[in-house]
Amino acid sequence: MYADVVIIGGGLAGIITALQIDPHLKVVLLTKNKIKDSNSYLAQGGIAATLDDNYISHINDTMEIGHQLNNKEIVTFLVNESKKTINLLESLGVIFDQTEQGYRLTCEGGHQHQRILHIKDQTGKGILLALFDVLMNRHNIELMEDTACVDLLIHSTECHGVQIIKDNLLQPLYARHTVLATGGIGGIYVRSTNRSHLYGDGIAMAFRHQVQLCDMEFVQFHPTAFYDATGGKSFLISEAVRGEGAHLVHRDGERFMLRYHEKKELAGRDMVSQAIYKEMIACNQPCVYLDMRHLDTAYMTDRFPYIQSRCLEKGIDISKDLIPVSPVQHYVMGGVKTDLNGCTSILGLYACGECAHTGIHGANRLASNSLLECVVFGNQVASSINKSNHTRIIKIIGQNRQLKDTHDNSRYELLLDKVKAIISEYCWLSRNPCDLETAYSLLTTYYQEMLDSEDYSIAYYNCLNAISTGITICKASIHRKESIGSFIKEVY
Ligand SMILES: Cc1cc2nc3c(=O)[nH]c(=O)nc-3n(C[C@H](O)[C@H](O)[C@H](O)COP(=O)(O)OP(=O)(O)OC[C@H]3O[C@@H](n4cnc5c(N)ncnc54)[C@H](O)[C@@H]3O)c2cc1C
């Protein structure tokens with residue numbers, strides 16, 4: 001199989017890249033599950049954009065929340081492109097919530113102003129449903145669902161495409177341009193807001209080929225995921241709920257964020273998560289609570305219909321009850337290092353979206369900057385590809401292999417559970433140097449055992465990817481000595 005461009009991932013970053021590629025080029029878009037199974041589809045709060053020319057304030061907020069470890073030049077580019085980004089999405093059929101005065105903007109932690117556009121509390125779904133329609137009518141784009149990319153075809157310093165598994169067949173898909181848009185890493189944690197099939201595959205494959213990565217120690221924990229005491233799956237309670245006035249409290253009503261930060265509930269995510277974590281330990285409680293009871297019920301129900309109905313399913317009435325919440329893994333600031341054009345350290349290999357490290361987020365991501373990044377840098381990758389040389393010689397280095405039909409995956413599923421438990425325990429909000437060494441040593445042992453086996457299957461690669469991503473986090477966490485942003489290192 002051959003395509004001019006292969007894009008791994010059908011979230012917002014992958015789809016925007018595909019739509020912005022010159023229609024004369026043949027594009028194959030791979031998604032591991034169905035196209036709706038992305039984190040982008042789950043995005044609730046919104047997309048940040050500077051529509052009023054107050055660029056400096058958005059740049060400053062991004063830098064402050066990122067603890068100044070961001071790349072200011074790239075942040076400036078992102079913010080300057082934000083108005084165009086909204087125009088682009090609207091030209092593709094996206095409709096953001098409006099009032100009679102214009103966009104209905106909201107605020108989230110770390111933003112000095114209301115600058116977040118949204119579609120109720122399901123912004124990702126609203127954006128993607130519009131984009132799917134456009135995608136299905138682009139004849140140069142072939143969507144391959146239920147197709148896992150399991151390796152990159154890298155020879156020397158050039159990428160020549162990917163290895164995929166489709167219908168139990170391991171096969172090469174050659175391409176002059178390969179784009180990593182595989183999203184987040186939440187599948188390697190026991191508790192995460194992410195889709196559970198996301199193991200940081202793009203980052204893991206890049207790691208195995210020594211493609212440059214950056215800042216993998218910076219993992220963001222969202223302060224307010226629904227806490228289900230019965231062990232049921234948690235779901236996100238958007239930061240926009242606090243943006244609209246909800247308080248964080250203990251069961252007795254104490255508003256503890258007053259003791260932590262002048263911005264109270266709207267401090268950066270790292271600060272709020274760490275404050276909750278400390279309070280949970282101090283009070284020996286598994287959660288704290290979000291309180292919206294003082295807010296206008298009709299307004300909150302209209303503004304957050306999804307959150308309200310998910311809470312009701314769990315027996316919580318947001319107008320009368322406190323909502324139990326606790327921090328869970330949410331986002332990774334690190335990833336495959338790219339330049340302003342989305343190029344990686346390997347020729348013909350690009351990255352965008354959450355799996356990329358553009359330098360925008362520094363040590364902690366500002367809320368609602370991620371969807372913006374997906375569109376701005378998906379667009380950048382597409383324009384780099386459109387301008388580049390499409391005649392590079394492709395090396396035939398892939399392999400074809402029929403995989404066994406009756407594969408016993410239980411061995412890898414068990415190992416994956418063990419790996420998730422290790423990462424969740426040792427690479428959580430606060431990390432201890434001894435624990436990190438233990439985790440690193442265990443994961444590298446498993447990694448070597450996996451490489452020695454040739455028992456290929458999707459379960460094998462999921463496990464290998466989870467281990468690889470875990471290794472990158474441990475290694476970077478061991479390397480960084482000081483606590484900053486989302487990364488807290490305990491002292492011996
Ligand atoms: C619950 C939730 C709410 C959020 N709310 C917001 C918000 O309001 N605003 C905001 O800015 N950000 C938000 N975020 C973060 C934001 O949604 C994500 O960072 C962003 O959407 C990532 O987009 P992406 O295109 O990089 O990856 P994703 O949307 O995660 O897509 C990844 C794609 O890659 C595919 N894939 C992965 N591995 C492989 C493989 N090996 N082979 C083939 N395909 C593969 C997946 O199947 C999927 O199609 C939220 C995240 C979550 C989880």
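Start at 1 and go down the list; that is how both ligands and their atoms are numbered.
Partner of V162 under the side-chain contact (heavy atoms from CB on, under 4.5 Å) criterion, chosen from L180, L173, L349: L173. Just one residue in the list D201, T147, T182, D37 forms a side chain to side chain donor-acceptor pair (under 3.5 Å) with K32, and that residue is D201.
Nearest protein heavy-atom contact of atom 9 (N) of ligand 1 is G46 O, 2.8 Å. Protein heavy atom at the shortest distance from atom 27 (O) of ligand 1 is G183 CA, 3.2 Å. Protein heavy atom at the shortest distance from atom 49 (O) of ligand 1 is G10 N, 2.9 Å. The nearest heavy-atom contact from the protein to atom 16 (C) of ligand 1 is S370 OG, 3.5 Å. Here the protein heavy atom with the shortest distance to atom 10 (C) of ligand 1 is L371 CG, 3.4 Å. The nearest protein atom to atom 6 (C) of ligand 1, hydrogens excluded, is given as A43 CB, 3.5 Å; this is a heavy-atom distance. Protein heavy atom in closest approach to atom 8 (O) of ligand 1: G45 N, 2.8 Å. Residue, atom and distance of the protein heavy atom nearest to atom 26 (O) of ligand 1 are E354 N, 2.9 Å.
Below 3.5 Å of separation, one finds no N or O of L236 facing any N or O of ligand 1. The shortest N or O to N or O distance between K32 and ligand 1 is under 3.5 Å. Inclusion of L42 in the set of residues having an N or O under 3.5 Å from an N or O of ligand 1 is not warranted. In terms of N/O distances under 3.5 Å, ligand 1 is approached by S40. No N or O atom of C355 sits closer than 3.5 Å to an N or O atom of ligand 1.
The structure places CG of D4 at 8.5 Å from NZ of K26, a figure rounded to the nearest 0.5 Å.
Under 4.0 angstrom from ligand 1, the non-hydrogen atoms of C374 all belong to its side chain. With a 4.0 Å heavy-atom cut-off, ligand 1 is reached by no atom of Y41.
Checked by atom type, the side-chain pair R115/S82 shows no donor-acceptor distance below 3.5 Å. Side-chain polar atoms of S57 and Q112 form no donor-acceptor pair below 3.5 angstrom. For the 3.5 Å distance criterion, the side chains of Q220 and D270 fail to qualify, holding no donor opposite an acceptor. There is a side-chain donor-acceptor pair under 3.5 Å between N369 and H58.
Near G353, the atoms of ligand 1 lying under 4.0 angstrom from a non-hydrogen atom of the residue are 26 (O). Contact atoms of ligand 1 toward T147: 42 (N), 43 (C) (distance under 4.0 Å to a heavy atom of the residue). Applying the 4.0 Å criterion to heavy atoms of L30 picks out, from ligand 1, the atoms 44 (N). Applying the 4.0 Å criterion to heavy atoms of L198 picks out, from ligand 1, the atoms 30 (O), 37 (C), 46 (C). Within the listing of ligand 1, atoms 40 (C), 41 (N), 42 (N), 43 (C) sit less than 4.0 angstrom from a heavy atom of C149. Within the listing of ligand 1, atoms 38 (N), 39 (C), 40 (C), 41 (N) sit less than 4.0 angstrom from a heavy atom of D201. Applying the 4.0 Å criterion to heavy atoms of A181 picks out, from ligand 1, the atoms 32 (C), 33 (C), 34 (O). Listed by number with element, the atoms of ligand 1 under 4.0 Å from a non-hydrogen atom of H197 are 46 (C), 47 (O).
The minimum heavy-atom distance linking C352 with T17 is given by the pair SG-OG1, 3.5 Å. When every heavy atom of G342 is checked against every heavy atom of V381, the shortest pair comes out as CA-CG2, 3.8 Å. Nearest heavy atoms, S192 versus K233: O-NZ, 3.5 Å. Taking both residues in full, the closest heavy atoms of R195 and S38 are given as NE-O, 3.0 Å, listed atom of the first, atom of the second, then distance.
The aromatic ring centroids of Y412 and Y460 lie less than 6.0 Å from each other.
Heavy atoms of R365 approach ligand 1 to within less than 4.0 angstrom. Contact annotation: H330 has at least one heavy atom less than 4.0 Å from an atom of ligand 1. T31 counts as a contact of ligand 1, since one of its heavy atoms falls under 4.0 Å from the ligand. Under a 4.0 angstrom heavy-atom cut-off, G124 registers as lying outside contact with ligand 1.
The aromatic rings of H361 and Y331 stand perpendicular to each other, their planes meeting at an angle above 60°, with 30° marking the opposite boundary. Between W428 and Y189, the angle of the ring planes lies from 30° to 60°, which puts this pair in the tilted group.
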Before giving the answer on side chain to side chain donor-acceptor pair (under 3.5 Å), spell out for H118 and T123 the whole-Å C-alpha distance, their side-chain angles and the decisive distance to 0.1 Å.
CA-CA 5 Å; H118 56 90; T123 306; 5.3 Å; no
Run the side chain to side chain donor-acceptor pair (under 3.5 Å) check on S370 and E354 step by step: do they pass?
CA-CA 7 Å; S370 176; E354 189 168 337; 5.0 Å; no
